[in-house]
Amino acid sequence: MMNVETIFMNAIDHWRDNKGVGTALIPKPFNDTYMIACILQKMYNKKNYTDTLIIVNNFAERKDIIEYLSDYDDRLKSLLDNKSIKVYTVNYVDNYTNTLTPYVTVWYHCETICENVFDIVRMSKFKLIILNKLSLSSQDINKLYSIAPLLEDFKQFEIDELRTSTPVEEIQIGINIATDSEEYKLLDYYNNYISTSINIFGS
């Protein structure tokens, strides 16, 4: 059985292999913001992209994404602060008078197709559409998939297996704190694994 991090990393690899274009249908309880954070972190570590736009439905989502990205990585926080990464609501983007031409566009929880927003996403070099449910009409879904094909990494049977897997029992063990000890290295590995899992699930 795949673990959650592997599912996300496979989806990110498939998005990258598809030249940075794709739609991810990420059902709850997964924290879909984790995929955005991982992709942006990898991209900005590789190259200094100057213009990234994240389009959200409302101010609550905007606040949540800004907080998550800021907590996830200090560099992402500074990029948000200096407006290299912008997070706008769909209404703001739809009524924007100047032409937005971001290099990277993320359309988060797309609920309706606005032509102006659709055109901005279509014109971006790299585009990621994140859905957490299929509430769009089949015509709109086909329109989205025409510019960002579906990444089929979040399979329902794998998600069901993860949901029903038995939780691990927590125990506490005293260790040698010396940083070169095997126990310390193992503890560091477990701590990183737990932190990643919390980032994915959000709690």
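- The shortest non-hydrogen separation linking Asn95 to Asn116 is N-ND2, 4.5 Å.
- Looking at Asp81, Asp74, Asp73 one by one, the single match for salt bridge (Lys or Arg N to Asp or Glu O under 4.0 Å) with Lys77 turns out to be Asp81.
- Between Ser124 and Pro102, the closest heavy-atom pair is OG-O, 3.2 Å.
- Val106 and Ile36 make their closest contact through CG1-CD1, 3.8 Å (heavy atoms, listed as atom of the first residue, atom of the second, distance).
- Of the listed residues (Leu53, Ile130, Ile147, Ile113), just one forms a side-chain contact (heavy atoms from CB on, under 4.5 Å) with Trp107, and that residue is Ile113.
- Asn18 places no side-chain N or O within 3.5 Å of a backbone atom of His14 that could act as its donor or acceptor partner.
- Side chain of Lys127 to backbone of Arg122: a donor-acceptor contact under 3.5 angstrom is found.
- Under a hydrophobic-cluster definition in which Ile, Leu, Val, Met, Phe, Trp and Tyr are linked whenever side-chain heavy atoms come within less than 4.5 Å, directly or via other members, Tyr145 and Ile55 are assigned to the same cluster.
- Met123 places none of its side-chain heavy atoms less than 4.5 Å from the side chain of Thr105.
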Query - Verdict with supporting geometry, Ile54 and Leu40, side-chain contact (heavy atoms from CB on, under 4.5 Å) - result: CA-CA 11 Å; Ile54 302 173; Leu40 291 180; 4.1 Å; yes
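- Counting all heavy atoms, side chain and backbone alike, Leu144 lies closest to Cys110 at CD1-SG, 4.0 Å.
- What you find for Ser70 and Leu80 is that their closest heavy atoms are OG-CD1, 3.6 Å.
- The shortest side-chain heavy-atom distance between Leu128 and Met35 falls under the 4.5 Å cut-off.
- Ion pairing between Asp13 and Arg16 holds under the 4.0 Å rule for side-chain N and carboxylate O.
- By the 4.5 Å heavy-atom criterion applied to side chains, Asp51 and Lys86 are counted as neighbours.
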Requested in this report: Kindly indicate, with the supporting measurements, whether the criterion side-chain contact (heavy atoms from CB on, under 4.5 Å) is fulfilled by Thr52 and Phe126.
Outcome: CA-CA 9 Å; Thr52 296; Phe126 299 112; over 6 Å; no
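- A donor-acceptor distance shorter than 3.5 angstrom exists from the side chain of Asn45 to the backbone of Gln41, with no hydrogens or angles considered.
- Linking ILVMFWY residues whenever their side-chain heavy atoms come closer than 4.5 Å, directly or via other members, leaves Val21 and Ile129 in distinct clusters.
- No side-chain donor from either of Thr33 and Tyr72 sits under 3.5 Å from a side-chain acceptor of the other.
- Side-chain atoms of Tyr34 and Glu5, non-hydrogen and from C-beta on, do get closer than 4.5 Å to each other.
- The main-chain N or O of Lys143 is found under 3.5 Å from a side-chain atom of Ser146 such that the two form a donor-acceptor pair.
- Scanning all heavy atoms of the two residues, the minimum distance from Asn57 to Thr89 falls at O-CB, 4.3 Å.
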